[in-house]
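Data block below; observations after.
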Amino acid sequence: MKGMTIIVKTISSWVKVLVFLFGIYIILFGHLTPGGGFAGGVILAASYVLLMLAFGREFVEKNLPLPLASRLDCLGAFLFALIAILGLVFGGSFFVNFLYQKYLPGQPLNLISAGTIPLSNLAIGLKVGASLFLVIFTLSICCKDFKTDTSTHKKEE
Amino acid sequence: MLYALCFLLFMIGLYCAVIKKNMVKIVIGIMVMEYAVNLFLIMLGYRTGGIAPIIDKSQLEPSTGQLTAAFLNSSVDPLPQALVLTAIVISLGSLALMISICVRTYGKYGTFDITQIRRLKG
Amino acid sequence: MSIPLPAFVAIPLVTAFLLPIFGKKGKAAATVLANLATVSLLVLAIVSVGQSRVYEIGKWSIPLGINLVLDGLSSLLLLAISVVSTAAMFFSIRYMEQYTAKAKYLSLFLLMVAGMNGVVLSGDIFNLFVFLEIASIASYALVGFGCEHEELEASFKYMVLGSIGSIFILFAVALVYGNTGSLNMAYISKAIQSSGLNAGLTFALGLFIAGFGLKAALVPFHAWLPDAHPSAPAPISAMLSGVLIKTLGVYALTRVVFNVFGISISTGWLLIALGLLSMVAGAFLAIGQWDLKRLMAYSSISQLGYVVLGIGLGGLIIAEGGNLAWASLAILGGLFHLVNHAVYKSLLFLTSGSVEMSTGTRQMRQMGGLAEKMPVTRATCIIASASIAGIPPFSGFWSKLILVVAAIQASFYWVAAIIVFVSLCTLIMYLKVQRYVFLGELPENLQQSKEAKNSMLVAMIFLACLCVLMGLLVLVPSLRSHILNPAVKVLTDGLEYSTKIINM
């Protein structure tokens with residue numbers, strides 16, 4: 001893939017920032033508005049897919065090397081599990097929202113109001129974004145040897 | 001009536017998955033079935049004239065901070081929507097795996113036709 | 001000591017996601033970590049035997065939140081899963097050196113274990129579906145792990161049928177939710193008891209039986225199994241045949257049929273018919289096979305028939321209001337056969353893996369005379385074959401004996417006759433394995449074949465010892481009342497499950 005014409009390249013280089021930011025917004029406000037980790041992660045991955053279509057695979061690989069994406073994928077899943085285990089340590093049961101109950105009560109409908117839920121959303125967003133990017137990237141290389149990691153089925157919070 | 005249409009969509013997907021010879025079309029058939037079931041789940045929670053189950057400031061009683069009765073009486077059931085979201089995540093995972101297997105098989109056999117991909121018998 | 005139940009899911013899941021971080025250099029560390037995870041699961045499963053408890057995730061009380069339930073049946077299945085996965089993981093230390101990407105293999109393996117543990121523990125019907133999908137997707141990927149012609153074809157076949165099964169289950173879950181307004185199994189069961197089965201729920205039950213039947217490869221739905229199980233790497237074949245079809249298929253089916261919907265006479269007959277059909281058809285198809293692992297895969301179908309037959313027979317007796325002691329005897333036979341089959345079939349697949357590794361083929365016609373070259377493999381294979389064919393001191397004999405006794409007590413004489421007949425067929429097919437693989441003349445090209453590596457042998461000997469000793473599970477009363485009887489009681493109690501869970 002060599003990339004597309006200059007018009008597409010210019011526009012997508014502007015748009016990609018907005019798409020990426022929108023993804024982050026969806027993740028961070030997941031506990032208040034529709035959206036959350038999965039939807040935001042998909043949008044994050046989409047911003048990279050846009051780059052891949054416009055500039056070609058090599059450009060994206062330079063920006064986000066595959067091993068790094070794979071690490072981020074694992075890191076997201078690990079963080080999610082860590083939050084669950086912290087719930088066991090501080091709250092006495094897996095997935096207890098210990099931050100909300102003990103440390104950060106907060107008013108409903110404020111940004112800081114839901115304890116561990118935004119953190120889990122963040123972890124899921126990282127996981128989904130990285131793994132969806134990996135899936136699409138590896139599917140786009142047909143000739144090279146690849147092994148898709150389809151462990152995207154992390155349960156939504 | 002709508003449920004029957006949903007079931008029709010399900011049967012169309014099943015027909016496609018069972019009858020078609022092309023691997024990609026089989027995958028499409030399975031996904032049609034999946035979406036028929038998702039549609040069915042969403043319709044279970046629907047009520048006529050319902051509103052989206054999203055809470056914002058206008059849905060809270062100003063004095064008590066509880067949900068208003070109007071919201072509770074008119075919002076649709078949010079649980080099936082959560083279920084559908086999870087089901088979509090799962091079907092995304094299996095779709096990606098299926099497509100990658102299709103691509104690899106094409107690389108090995110040079111065809112998508114399952115009548116020509118027959119090394120296993122018995 | 002009370003263990004937090006989500007640990008059974010969390011340990012393999014966390015380890016699975018930790019492993020790829022080690023990368024290419026830390027292969028040894030990754031292997032050690034994966035083995036530690038399976039061993040710790042085994043320890044946890046042994047500790048949790050005999051307990052029964054409900055765990056509310058995130059401290060949300062039952063109808064609102066997701067709950068995990070540990071009872072007799074769950075802990076029996078947990079024990080079987082962790083024994084087989086420990087042995088298979090140990091076996092794959094050396095076996096998987098033939099393949100690349102070992103870390104990914106280990107991750108997928110642990111994901112599959114996490115999914116199965118989740119299925120066994122889940123008390124929520126949608127969560128059961130989610131865990132079932134995690135385990136199945138991991139197994140689809142593992143079947144196609146070698147990326148050769150046959151493996152990809154088998155994986156695609158398995159994946160198409162498995163996905164259709166999953167969609168049936170999801171559809172049934174949707175129907176159940178629409179009709180009862182709950183997803184918690186205890187509450188669904190209560191709603192069904194108070195209102196009775198309507199058309200939608202009956203349709204849902206049919207979909208559940210079809211979906212779980214597809215996962216369990218009972219005979220009308222068995223087309224994928226003889227392709228998928230031989231194509232996977234040997235430890236994975238052991239896992240698939242040993243525990244995956246049982247947890248995703250038989251366990252989930254019995255849980256839904258007995259504890260949620262309640263057994264009726266027609267479902268009892270349906271289970272018996274499925275069981276008999278699988279037994280007979282699987283045995284006949286197996287005898288004609290010349291591919292070693294394919295023969296074993298067909299015999300898995302046949303043996304799974306015994307399990308479903310035993311459970312169905314017990315269910316039928318309960319539904320007809322017959323003698324509860326006979327019913328529990330039949331169910332005991334079925335469940336005991338399930339555990340036995342998990343052990344000896346995984347042992348058989350491991351021996352086939354070690355034969356395949358040293359000869360490079362699975363065709364029995366090209367083998368022969370391996371007895372001298374591979375004495376340990378041969379000895380373990382003989383033990384497993386004797387066990388599966390039901391030769392007296394070994395475990396398979398006891399479970400088949402119980403099934404025959406139960407069938408005769410309930411005056412199903414023809415069922416008892418079929419059980420004995422299929423048992424003879426099993427004996428014939430494993431005599432064929434012995435004759436063509438281990439006896440006879442050693443072909444020229446196999447002169448160099450060597451015994452398997454040490455760690456593989458350890459795993460095989462471990463399972464072989466279990467094969468010999470498993471008979472004690474029914475013969476020693478204290479073991480029986482600790483491990484098997486609670487599991488039987490969960491099924492014979494049937495719909496009392498819901499009140500128990502709600503009050504716990």
Side-chain angles (χ1 to χ4, degrees), chain B residues 3 6-7 10 13-14 17-18 20 23-24 26-27 29-46 77 79-80 82-84 86-109 112 114 116-122, chain C residues 64 126-127 129-130 132-134 136-138 140-141 143-144 147-164 166-179 181-183 200 203 207 223-224 226-228 230-231 285-286 288-291 294-295 297-298:
Chain B
Y3 293 149
C6 212
F7 191 67
F10 183 81
L14 189 59
V18 172
K20 289 292 170 187
M23 287 173 84
V24 180
I26 293 176
V27 174
I30 290 175
M31 285 300 130
V32 170
M33 281 166 78
E34 183 88 44
Y35 290 130
V37 175
N38 288 348
L39 192 63
F40 177 66
L41 261 170
I42 284 288
M43 284 196 318
L44 281 179
Y46 182 73
D77 187 357
L79 185 63
L83 301 188
V84 167
T86 315
I88 286 175
V89 177
I90 292 169
S91 73
L92 174 74
S94 65
L95 175 65
L97 189 62
M98 276 194 219
I99 289 295
S100 69
I101 295 268
C102 285
V103 171
R104 291 308 294 261
T105 318
Y106 187 78
K108 293 277 179 192
Y109 287 86
F112 277 130
I114 51 165
Q116 290 171 23
I117 305 172
R118 279 199 166 270
R119 292 213 178 177
L120 297 168
K121 280 198 194 105
Chain C
L64 297 176
F126 189 77
N127 234 34
F129 167 76
V130 170
L132 182 136
E133 277 291 84
I134 291 177
S136 343
I137 290 177
Y140 305 151
V143 167
C147 283
E148 287 305 318
H149 290 79
E150 288 85 2
E151 281 141 7
L152 289 171
E153 188 187 336
S155 176
F156 186 72
K157 217 170 180 182
Y158 177 27
M159 201 152 34
V160 168
L161 287 173
S163 306
I164 291 178
S166 313
I167 293 169
F168 280 175
I169 296 166
L170 182 62
F171 197 10
V173 170
L175 280 170
V176 165
Y177 179 69
N179 278 299
S182 177
L183 285 171
F203 184 48
L207 282 173
W224 57 270
D227 294 336
S231 302
L285 287 167
Q289 299 298 322
W290 285 98
D291 180 327
R294 215 175 164 77
L295 185 149
Y298 271 115

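Throughout, protein chains are lettered first and strands after them, A, B, ... in sequence-line order, and every chain is numbered starting at 1. As a basis for the values below, the full set of heavy atoms in this structure was taken, side chains included, without hydrogen atoms, waters or symmetry mates.
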query: Which bit of Leu175(C) is near chain B, if near means a heavy-atom gap under 4.5 Å: side chain, backbone, both or neither?
result: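 Both backbone and side chain.
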Segment of [X] engaging chain C (4.5 angstrom heavy-atom cut-off):
X        : result
Met43(B) : neither
Tyr3(B)  : neither
Ile30(B) : both
Tyr35(B) : neither

- request: Could you walk me through whether Ser166(C) and Glu133(C) pass side-chain hydrogen bond (donor to acceptor under 3.5 Å, both in side chains), step by step?
  value: CA-CA 7 Å; Ser166(C) 313; Glu133(C) 277 291 84; 2.7 Å; yes
- request: Output the option from Asn38(B), Ile114(B), Leu79(B) having the highest count of non-hydrogen pairs under 4.5 Å with chain C.
  value: Leu79(B)
- request: Give the member of Gly13(B), Ala36(B), Ala17(B), Pro80(B) that has the highest number of heavy-atom pairs under 4.5 Å with chain C.
  value: Pro80(B)
message: Would you say that Lys108(B) contacts Glu148(C) through its side chain, given a criterion of any heavy-atom pair below 4.5 Å between the two side chains?
response: yes
message: For Phe10(B) and Phe7(B), take the angle between the two ring planes, folded into 0 to 90°, and tell me which bin it lands in: parallel under 30, tilted 30 to 60, perpendicular over 60.
response: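 Taking Phe7(B) first and then Phe10(B), their aromatic rings lie parallel (interplane angle under 30°).
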task: Would you please name every residue forming a side chain to side chain contact (heavy atoms under 4.5 Å, CB included) with Asp291(C), sequence neighbours left out?
output: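 Lys293(C), Arg294(C), Arg362(C), Gln363(C).
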task: Determine, stepwise, if the pair Glu34(B) / Leu170(C) fulfils side-chain contact (heavy atoms from CB on, under 4.5 Å).
output: CA-CA 9 Å; Glu34(B) 183 88 44; Leu170(C) 182 62; 3.8 Å; yes
- request: Step through it carefully: locate the ring centre of Phe168(C), locate the ring centre of Phe171(C), and say whether they are under 6.0 Å apart.
  value: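 No; Phe171(C) has its ring centre 6.0 Å or more from that of Phe168(C).
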